[in-house]
Amino acid sequence: MNDPKSKSEDEEHVAPTNFIHKIIEEDIAAGKNDGRVHTRFPPEPNGYLHIGHAKSICLNFGLAEQFGGKCNLRFDDTNPVKEEEEFVHSIREDVKWLGFDWADREFYASDYFGQLYEWAIKLIKDGKAYVEDLSADEIREYRGTLSEPGKNSPHRDRPVEENLDLFARMKKGEFPDGAKVLRAKIDMASPNLNFRDPVLYRILHAEHHRTGGEWCIYPMYDWAHGQSDSIEGITHSICTLEFEDHRPLYDWCLDTLGVYHPRQYEFARLNITYTVLSKRKLLQLVTEKIVNGWDDPRMPTISGFRRRGFTAAAIRDFCDRIGVARANSTVDLALLEFCLREELNKTAPRVMAVLKPLKIVLTNYPEDQVEQLEAENNPEQPEAGSRQIPFSRELYIEQEDFMEDPPKKFFRLAPGKEVRLKHAYIIKCEEVVKNDAGEITELRCVYIPETKSGQANAGMKVKGTLHWVSAPHAYETQVRLYDNLFSEIEPDKIEIPGSLNPNSLEVLADCKLEPSLKDAKAGDRFQFLRMGYFIADVKDSQPGAPIFNRTTPLRDTWAKVQKKG
RNA sequence: UGGGGCGUCGUCAAGUGGCUAAGACACUGGAUUUUGAUUCCAGCAUUCGGAGGUUCGAGUCCUCCCGCCCCAGCCA
């Protein structure tokens, strides 16, 4: 169904280089870590992975591959109230689908809860941490502001023995949620807010998806992340820009503990035009049922793209092309579409499907005759061979391929005009049949026998070639057309109802597809000639009754010409 | 506002003082085409947020200014 490595075998494929790549090269040259390269991808299992994560996955696993190193998959599961097992399953599946392998190195921050607790005790004993009784609101007040220093908590100088006792009782479950926290004792006047006695542990009487009820105190990100990196022997801990201000604290924890010290590097997170990538908004789309789940084909999640028909290779290619830098940026959605089409053009078999049918009758074609015509499967891939498609007196063409009163550059069918039917004959439109409401119901045409596909055209030339399907042989099914979920170019900057595209989903009930498509398997991809790339939906297709999703339309310069007028 | 970052073509992005500032996407022509697709060919930053300065030479170094992003969770 999917060959995750097909594209990277391209001889023209160039391994991406970026500032982190260079840092690693320099580190190796300087003999750091004995030349070892070990990265990690550390998602919190509180939602599905999206294409922004794909950038991080490609970076971390890609760097490890390029330098002959390793990359761990680590679930950063320190907040049980937000995390679920469903999310760890989907994350594993998505990373795998993207084509990366973490072998037996699947870890969890929760694996280290015991060690983290011991380290916290060491910190208390060293007089570098204390138990805080202040409420969350009070802590905020004491913290000061961006421009004013904070002030010390009245509990800051609690004796070590008292801290040890209180922290042990926190762990035992003697206090309710929010009653106490453990704080590092650093500097309440630091210009870096993260240094103003950061909270290390909070009390959460919550069921953890892995440790169950074993713990009721949980470490904060800052107390868990660096140490997890250290324990796993990570050499380069790569994260996004918003963690930059946490780096001094990352370093402080490791140095204070005196343990192995990985180095943190930050890069700019991905933004794409017309796409929402904030977890909060993605969750909102799902919970408010604006979309049908995390894998709705309109979602920018890995599972959404997969169901939409994107290939892993196209997503990886995209991640390689966008680069890795420290400047905030928004990548044009057109680049993702380009990567997709570039691959699908080479690999997707061509078939014919009429999505909005208009019946035509060839008045000079014998009533009972059926011809089997030869059609190539993929002009980009001659070895893909050809197949037979039935041709008969009654056919369907696309409604938009006929105009009663066409503009000058319209190359398709019109009264008295001729076009070629792909793989078949040139036809001429002689009569337009309408119902009482004046709507076109049928076209009566003649076919020109000498113009059969493959033969000399009997001196005829036509500008247009249309796709078609034989009416009595057609496989009728549902096809879904998808468009951007948002009509705003930067929807992350606008609250949700306002930015939505009301036409992001169009369900077409009675599409007419060439008969071979009846046997398409769930997950099979095709190019519907002139209409775009489609995939047999993995969830809603039945054996012998596939339903199709449009992955993306073909480039359409005619539409652009029309728009210009 | 204190701190931390970032500003090179419409969009990403190379560039680490010295050939006429890579490449890709997008866009604009034109050729081929039984997909208005694909493919091909051509065009597309005298200038690097701005102003000064150092230098034989500056996108790259210095100074000042401007703009944008991140931080005041017991989220990550």
Side-chain angles (χ1 to χ4, degrees), chain A residues 14 17-18 22 42-44 46 76-79 81-83 109 132 134-136 139-141 143-150 177-183 189-196 198-204 217-218 220-222 224-225 239-248 266 268 273 279 321-339 341-342 345-346 350 352 376 379-380 409-412 419-424 426 451 453-454 457 461-467 527-532 553-562:
Chain A
V14 178
T17 177
N18 54 59
K22 268 170 206 144
E44 181 188 15
N46 68 344
D76 216 344
D77 56 350
T78 56
N79 185 0
V81 305
K82 286 191 174 176
E83 297 150 8
E132 174 66 274
L134 255 28
S135 71
I139 287 176
R140 188 182 319 118
E141 282 169 32
R143 182 151 37 220
T145 66
L146 293 178
S147 48
E148 305 157 33
D177 289 4
K180 294 186 181 346
V181 292
L182 183 73
R183 290 230 253 172
S190 174
N192 182 344
L193 268 24
N194 295 124
F195 265 40
R196 322 250 261 227
V199 172
L200 266 24
Y201 270 94
R202 75 285 220 190
I203 300 171
L204 248 29
I217 56 172
Y218 291 91
M220 297 287 290
Y221 167 86
D222 288 308
H225 204 92
C239 62
T240 43
L241 246 26
E242 66 270 25
F243 291 100
E244 203 170 3
D245 290 343
H246 290 250
R247 191 189 336 132
E266 310 87 17
T273 54
K279 218 157 202 177
R321 286 171 183 264
I322 58 178
V324 177
R326 290 176 61 89
N328 290 314
S329 61
T330 301
V331 177
D332 195 338
L333 216 209
L335 180 60
L336 214 207
E337 292 172 343
F338 168 83
C339 295
R341 292 192 182 111
E342 186 180 52
N345 174 51
K346 289 180 193 148
R350 271 58 168 178
M352 295 202 288
E376 64 183 343
E380 303 289 321
K409 290 268 174 118
F410 189 76
F411 300 155
R412 285 113 100 143
V419 292
R420 170 167 290 283
L421 296 181
K422 179 81 178 175
H423 306 307
I426 289 176
T451 61
S453 186
N457 281 0
K461 262 188 203 156
V462 288
K463 276 281 205 169
T465 300
L466 311 184
H467 62 281
Q527 183 194 110
F528 288 4
L529 233 51
R530 303 208 303 137
M531 300 309 282
L554 260 26
R555 277 188 72 224
D556 189 354
T557 47
W558 167 239
K560 275 177 201 156
V561 171
Q562 269 181 314

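Reminder, nothing fancy here: chain letters follow the sequence lines and each chain counts from 1. All values reported here derive from a predicted model rather than from experimental measurement.
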Determine the contact category for [X]: base if any of its heavy atoms lies under 4.0 Å from a base atom, sugar-phosphate if only primed atoms, P, OP1 or OP2 are that close, otherwise nothing.
{"X": "A/L146", "answer": "base"}
{"X": "A/Q527", "answer": "base"}
{"X": "A/L134", "answer": "base"}

First encountered from the 5' end of RNA chain B, between A/N345 and A/V199: A/N345
First encountered from the 5' end of RNA chain B, between A/S135 and A/P379: A/P379
Hey, is the side chain of [X] pairing donor to acceptor with the base of [N] inside 3.5 Å?
{"X": "A/D245", "N": "B/G3", "result": "yes"}
{"X": "A/E380", "N": "B/U39", "result": "no"}
{"X": "A/R350", "N": "B/U35", "result": "yes"}
{"X": "A/H246", "N": "B/A76", "result": "yes"}
{"X": "A/R420", "N": "B/U34", "result": "yes"}
{"X": "A/R555", "N": "B/G36", "result": "no"}
{"X": "A/T465", "N": "B/U34", "result": "no"}

Near-parallel close stack of A/Y221 and B/A76 base (under 5.5 Å, under 30°): no
Is_stacked (A/F243, B/A76) at 5.5 Å, 30 deg: no
Sidechain-backbone polar pair: A/R321 side chain, A/L336 backbone, donor-acceptor under 3.5 Å: no
C1' spacing across the pair B/U8 / B/G67, given as an integer number of angstrom: 16 Å
Gap in Å between the two P atoms, one belonging to B/G15 and one to B/G52, rounded: 29 Å
Parallel, tilted or perpendicular: ring planes of A/W558 versus A/F411, cut at 30 and 60 degrees: parallel
Check: A/R202 and A/N79 side chains under 4.5 Å, non-hydrogen atoms: yes
Straight-line distance of A/K82 NZ to A/K279 NZ, nearest 0.5 Å: 9.0 Å
Under 4.0 angstrom between A/R326 side-chain N/O and B/C69 OP1 or OP2: no
Contact under 4.0 Å: A/T273 side-chain N or O vs B/U11 OP1/OP2: no
Complement of B/U39, any strand, by Watson-Crick or G-U distances under 3.5 angstrom: B/A31
Short N-O contact, A/E376 and A/R350, less than 4.0 angstrom: no
In B/G73, glycosidic geometry as syn within 90° of 0 or anti otherwise: syn
